[in-house]
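Have a look at the structure below, then the notes.
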Amino acid sequence: MKIPEFQKSLTDWFDANKRDLPWRKTRDPYRIWVSESMLQQTQVNTVIPFYERFLEIFPDISSLAASSVESVLKQWEGLGYYGRVRNLHRAARIVFEQYQGKIPREYEAFRKLPGVGEYIAAAVTSIAYQFTVPVIDGNVKRVLSRLFELTQPVNDAGKKKIFQDAVEEIFDASQPGKFNESMMELGALICRPNQPDCGQCPVSKHCLACIDGKVNRFPKKTQKPAVPEYHIVVGVIYREDKVLITLRKSDGLLGGLWEFPGGKVNKGETTEAACLREVFEETGLTVEMGSFFKTVKHAYTHFKILMDVFLCRFVSGDIRLNSAVDFKWIRIAELGDFPFPGSNHKFMHELPMRLDNCL
DNA sequence: AATGCGGGGTC
DNA sequence: GACCCAGCATT
């Protein structure tokens, strides 16, 4: 491959065809950092509205550092992978306290911040500071796979050396930020996972897979196992005009989000019985069954759930939390003030104000 | 090196 | 339905 020719074709194409994305209007490392955090495993069109709103509310490191985790989670609500924003928030506080509010310009110092891995460190420093470091993300791996007919699976975590070597061969150190963005943009717009548009590709004549007519055979992927499905019950516990919500522990799945108490249905158990049992185990409260409300389906990365929602009435007992770390009795109108998982959003906005209205 | 971690778009 | 996505932390 003629490297300089490849680089020029790629970056010229980028200049002429790049999308007008919000994070391309700035060189502020904070704004680029936020965008890269949101864009992890998440598509551009999903991110845009979250990005705009997040930066309106947290326009700089100091405002983010000064805010509560809960308020930050609330802005991330619905975006998923909540550890990203918990880490971003922790990192903002570290930058505020240890670096006088200035994002460290040293690669190693920045890389050490929570949530900043190889990709984000490379992306932010190359785009904001022109550090000469190539990025490797899902798009870049797919492009490299086709350019060089790499047989290394792109979804095999960790094994990056082949891609690292390949990208270093074609990396344009004279304009690192533009080169990196160009590679990712090519992957997003032309060298797509399905039906790549080789006819419009600026570097198709450098691409082994295209030359060999094998574009559809790259990238190679490993097969993913099927995900299990769990049957879940959830109880919305009414007490007058209030309902009980509980706070998940701050790490792990949906960490730091509020939810309605519930859990898995045991084998041979009715969903009503499971609901009463789970409510008691998780909250210590005795409740009576009101009515079935709705069934919700939801998919996570490693499993799926079928969730039956019941409306219940508080009877007796004092709160004794099991896995949750906090609780609140709130009115239905206040639900929007707290961050909830997507599965809860599929029913919570349809809930009645009081239980007696619907019995 | 392997695993856990969301949600939405697309085909 | 299955696949894919501007990855990181933990073990």
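Per chain, numbering begins at 1; letters A, B, ... match sequence-line order.
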Report summary line: Whichever of A:Gln195 and A:Lys159 has the more 5' nearest nucleotide on DNA chain B, that residue is A:Lys159
Query raised in the report: Would you say A:Asp251 has more than 12 foreign heavy atoms packed within less than 6.0 Å of its CG?
Result: yes
Query raised in the report: Does the side chain of A:Trp258 come under 3.5 Å of the side chain of A:Glu70 through a donor N or O and an acceptor N or O?
Result: yes
Query raised in the report: For the pair made of CD in A:Gln40 and P in B:dC5, what is the distance, rounded to whole Å?
Result: 16 Å
Query raised in the report: Is there a donor on the side chain of A:Thr46 or the base of B:dG7 sitting less than 3.5 Å from an acceptor on the other?
Result: no
Report summary line: Comparing nearest nucleotides in DNA chain C, the 5'-proximal residue of the pair A:Gln223, A:Ala123 is A:Gln223
Query raised in the report: If only side-chain N and O atoms of A:Gln41 are considered, is one of them under 4.0 Å from the OP1 or OP2 phosphate oxygen of C:dG7?
Result: yes
Query raised in the report: Centroid-to-centroid, A:Phe50 to A:Phe54, below 6.0 Å?
Result: no
Query raised in the report: When you measure from the side chain of A:Trp23, which nucleotide among C:dA6, B:dA2, B:dG6 comes out closest?
Result: C:dA6
Report task. Look at the side-chain N and O atoms of A:Arg192 and state whether any lies under 4.0 Å from the OP1 or OP2 oxygen of B:dT10. Result -> no
Query raised in the report: Between A:Arg217 and A:Lys214, is there a donor-acceptor pair closer than 3.5 Å when you use the side chain of the first and the backbone of the second?
Result: no
Query raised in the report: Among the nucleotides B:dT3, B:dG6, C:dC5, which one has an atom lying closest to any side-chain atom of A:Ala157?
Result: B:dT3
Query raised in the report: Counting any heavy atom closer than 4.0 Å, what does A:Asn87 reach on the DNA or RNA strands: base, sugar-phosphate only, or nothing?
Result: sugar-phosphate
Report task. Rounded off to whole Å, could you give me the CG-to-P distance for the A:Asn155 and B:dA2 pair? Result -> 12 Å
**Report entry** Among C:dA6, B:dG6, B:dT3, the one nearest A:Tyr81 by side-chain distance
**Finding:** B:dG6
Report task. Mind calculating the distance between CZ (A:Arg84) and C1' (C:dC5) to the nearest angstrom? Result -> 10 Å
Query raised in the report: Looking at the side chain of A:Lys297, which of C:dA6, C:dG1, C:dC5 is the nearest nucleotide?
Result: C:dG1
Requested in this report: Starting at atom NZ of A:Lys304, determine the distance to atom C1' of C:dG1, rounded to an integer number of angstrom.
Outcome: 7 Å
Query raised in the report: Rounded to the nearest Å, what distance is computed from the NE2 atom of residue A:His302 to the C1' atom of nucleotide B:dG4?
Result: 5 Å
Report task. Under 4.0 Å between any heavy atoms, over every strand shown, what does A:Val135 touch: base, sugar-phosphate, or nothing? Just pick one. Result -> nothing
Query raised in the report: Could you state the CG-P distance from A:Asn194 to C:dG1, rounded to the nearest angstrom?
Result: 20 Å
Query raised in the report: Would you say the side-chain atoms of A:Asp172 and A:Gln175 include a donor-acceptor pair closer than 3.5 Å?
Result: yes
Query raised in the report: Counting any heavy atom closer than 4.0 Å, what does A:Leu254 reach on the DNA or RNA strands: base, sugar-phosphate only, or nothing?
Result: sugar-phosphate
Query raised in the report: How would you label the contact of A:Trp33 with the nucleic acid (heavy atoms, under 4.0 Å): base, sugar-phosphate, or nothing?
Result: nothing
Query raised in the report: Between A:Val315 and A:Val243, is there a shared hydrophobic cluster once you connect ILVMFWY residues whose side-chain heavy atoms come closer than 4.5 Å?
Result: no
Query raised in the report: Counting only side-chain N and O atoms of A:His298, is one of them less than 4.0 Å from OP1 or OP2 of B:dG7?
Result: yes
Report summary line: Contacts of A:Thr42 and A:Gly115 projected onto DNA chain C by closest heavy atom; the upstream (5') one is A:Thr42
Query raised in the report: Atom CG of A:Leu189 to atom P of C:dC5: distance rounded to whole Å?
Result: 14 Å
**Report entry** Spacing of the P atoms in C:dA6 and B:dC5 (rounded, Å)
**Finding:** 23 Å
Query raised in the report: How long is the line joining NZ of A:Lys346 and C1' of B:dG8, in whole Å?
Result: 10 Å
Query raised in the report: What does A:Arg142 touch in the nucleic acid at a heavy-atom separation under 4.0 angstrom: a base, only the sugar-phosphate, or nothing?
Result: sugar-phosphate
Query raised in the report: What does A:Arg24 touch in the nucleic acid at a heavy-atom separation under 4.0 angstrom: a base, only the sugar-phosphate, or nothing?
Result: base
Requested in this report: Looking at every strand, decide which applies to A:Gly78 at a 4.0 Å heavy-atom threshold: base, sugar-phosphate, or nothing.
Outcome: sugar-phosphate
Query raised in the report: Base, sugar-phosphate, or nothing for A:Gly83, non-hydrogen atoms under 4.0 angstrom?
Result: nothing
Requested in this report: Quote, to the nearest angstrom, the P distance that separates B:dG6 from C:dT10.
Outcome: 14 Å
Query raised in the report: Does a donor on one side chain and an acceptor on the other come within less than 3.5 Å for A:Thr26 and A:Asp28?
Result: no
